[in-house]
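Note that the structure is a prediction, hence the values are computed from the model and not measured. Order of the sequence lines sets the chain letters (A, B, ...), proteins ahead of strands, with each chain counted from 1. Every heavy atom of this structure was used, including side-chain atoms; hydrogens, water molecules and symmetry mates were not.
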Amino acid sequence: MNMGAEAAITLRMWTYYPELLSKPVPRYTSYPTAAEFGDTIGSADLQAALAQAHADVSLYVHIPFCETICWYCGCNTNRNNRAERLASYLDALHAEIALVGDLLPRSARVRRIAFGGGSPNAVTPVDFVRLMLSLTQAFCVEDPVISIEIDPRSMTTTWAETLASVGVRQASLGVQTFDAGVQAAIGRVQPLHLIESCTRMLQQAGVSSINFDLMYGLPGQTLEMLQSTLERTVELSANRIALFGYAHVPHLVARQRRIDASALPDQQARFAMAAHGHDVLQGAGYTPVGFDHFALPGDPLAQAALSGRLLRNFQGFTDDDAPILIGLGASAISSFTGLLAQNEKNTGRYQMMLSQGRLPATRGVARSDLDQARGQIIQDLLCRGSAVIAPALLREVQQSLAPFARRRLIEVDEGRLTLTASALPYARAIAAVFDAYRAESARRFSAAV
Amino acid sequence: MKSCAQCVIREKAICQSLSEDELDSLNAVGRHQALKRGQTVVWQGDESLLVGNVIDGVLKLSVTSAEGKDQTLGIMFPSDFIGRPFGARTQHSVVALTDAHICTFRRSGFDDFARRHPDLEHSLLQRTLLDLDRTREWMVLLGRKSAMARLASFLVAMGERVGRTVQADDNGTLHFDLPLSRQDIADLLGLTIETVSRQITHLRERGIIETPGRRGIVVLDGESLRECAEEA
């Protein structure tokens, strides 16, 4: 298929209003967002929150190592070129697991364990199983849903056997694009056959839900290239797809300086790609989940989206309804009703704190009642496309909502704000209206599309 | 015991796949230790993390909480490999429940050796996965509320690890000697010794087990024992 710039302006459902997308907005994987984190939060706050955690808990375990570093990646990662560095990080991680497990009440039950990174499969399978051993011993783990992010380039049959034995049920592959030229332009070369064999290995290992992370807005990427990547993805029957816009922020992520900024698609082209991706995947039978995820109808994530149970967390859209998330590892974030706490990002300082027996939280924000109320509205808008707004607040934001109302992207009826079908690309911008920290902010975020 | 060639668990141990020469070089980085009952395994004068083979005896892996409370995380028997690194720097420790012999290695040295010997690396992975399975079972056991369920789970697990089937009668009943005293069992299960004795009496009176001698257990009705283990 071939879509020129003319055709891209008006698509089947979405209309391009550049003026509504001019202001960068957060992704709202939390509220307040990480931009509001300060260093007033530390070990003592996390310890107090852990002591009160009498509920279901999800664990996130961060492995900030990769075999090779991709140029586009904004994650907290290191090249694990030295086994020693990896080993001392893992020792600290084991110590943190024991420490947190010790502080948590016995009534806290772990239902989900997610391994992310970096690339969790940059460690050896034995080290991965040792982490599972530590987690099993430190926490009250009940028949958990275990998920893992996988770098297809480091996937092996031994890893597949290990995932099967441990009982991992969900995996996410960093695919980004199947186009060889674009892969070279972002420093991540992985031929189609590699993704195919990785997917097959995971399926045979009993992984029942496989996610592909894909990107649009990459250097030199065209609509046709995106189309062909989406077709390959559908052929490989990925259960879930996350289609993210590449965020080029070289002033924040130094490694992105290797990417040729002049080859990046402009905002209008990005909008067309997001819209086209949405159309293609919906046409292929995928259920849209939030503004950038898609899932096959039988998948738990699609079911959560269809039944209004969808939620947002640091990994994106999720069906995880545990009220508490505990992040383990350098830079990992823990989330409680009244607190967001982030671990030390620098792995050296992270290890030092644990060698002193201290919880390694060094940043975060306390969530006030107001934060919680605003956070609820933002989550409702992004996950369900609708939120109940108190009359006073509705009056307060009326001006800011007017541009969206005028273009029929929202409707307000008896205190309920609802996004119309064509509002999806503007969902973050609409949610940002309720962000008390972002009324007039000069901070720079990635573009909303 | 000086050499791996004489090792009594050689056929069943993690190092079974290694050649004589390879065993010699592994042996050169390992240490044999004789432990008295109650003794904690450490690499004297060193804070290294350790892994190791159980040659004979029974040991427990336990964790000490910040408040100094001790919890058992698992029990190890001859030919088991303790692949979960332990040592002075961790909260995990390995303690001999009976007089025991083990051979230990610094974790770093052992992992390096394994990296260069794919067969050993594969066995290490298999042992660690087995360890995970057993740990999961053990945590389920400790999570059981009733004393009967905990004791019955423990006896089922013991039977699987150290039991031998007696073919004398048609059912093939299971016979084994408990490797631990009733006090040890009570400590492991978080029960009092009186409760342990009372539950054993219950099982005997219901015709599920017999208890010949001081430590003997004969499982007459394995199915009922497993049912008791499943009680809430």
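Residues His94(A) and Leu49(B) fail the side-chain proximity criterion, which asks for heavy atoms closer than 4.5 Å.
Distance check: Leu125(B) CG to Phe128(A) CZ gives 11.0 Å after rounding to the nearest 0.5 Å. Rounding to the nearest 0.5 Å gives a distance of 12.0 Å between CG of Leu135(A) and OG1 of Thr135(B). Expressed to the nearest 0.5 Å, how far CG of Leu129(B) lies from CE of Met132(A) amounts to 10.5 Å. Atom CD in Gln137(A) sits 11.0 Å away from atom OG1 in Thr72(B) (nearest 0.5 Å).
Using a 4.5 Å cut-off between heavy atoms, Ser355(A) does not touch chain B at all.
For Gln71(B), the side-chain contact (heavy atoms from CB on, under 4.5 Å) partners at least two apart in sequence or on another chain are Val63(B), Leu73(B), Met139(B), Leu142(B).
Interface summary for chain B: among Thr136(A), Val129(A), Leu133(A), the most heavy-atom pairs under 4.5 angstrom belong to Leu133(A). Options Ser134(A), Pro125(A), Ala95(A) differ in how many heavy-atom pairs under 4.5 Å they form with chain B, and the most are formed by Ser134(A). In terms of non-hydrogen atom pairs under 4.5 Å with chain A, the most contact-rich of Val140(B), Asp133(B), Leu61(B), Leu124(B) is Leu124(B). The candidate with the highest count of non-hydrogen atom pairs below 4.5 Å against chain A, out of Arg84(B), Arg136(B), His122(B), is Arg84(B).
Identified under the salt bridge (charged side-chain N to carboxylate O under 4.0 Å, His left out) test for residues 114-128 of chain B, with sequence neighbours left out: Asp112(B)-Arg115(B).
Of residues 39-56 of chain A, no residue lies under 4.5 Å from chain B by any heavy-atom pair. Near-neighbour residues of residues 155-169 of chain A relative to chain B, defined by a heavy atom under 4.5 Å from a heavy atom of that chain, comprise Thr158(A), Glu161(A), Thr162(A), Ser165(A), Val166(A).
Sparse packing is recorded around CD of Glu11(B), with 12 or fewer heavy atoms of other residues, nucleotides or ligands lying under 6.0 Å away.
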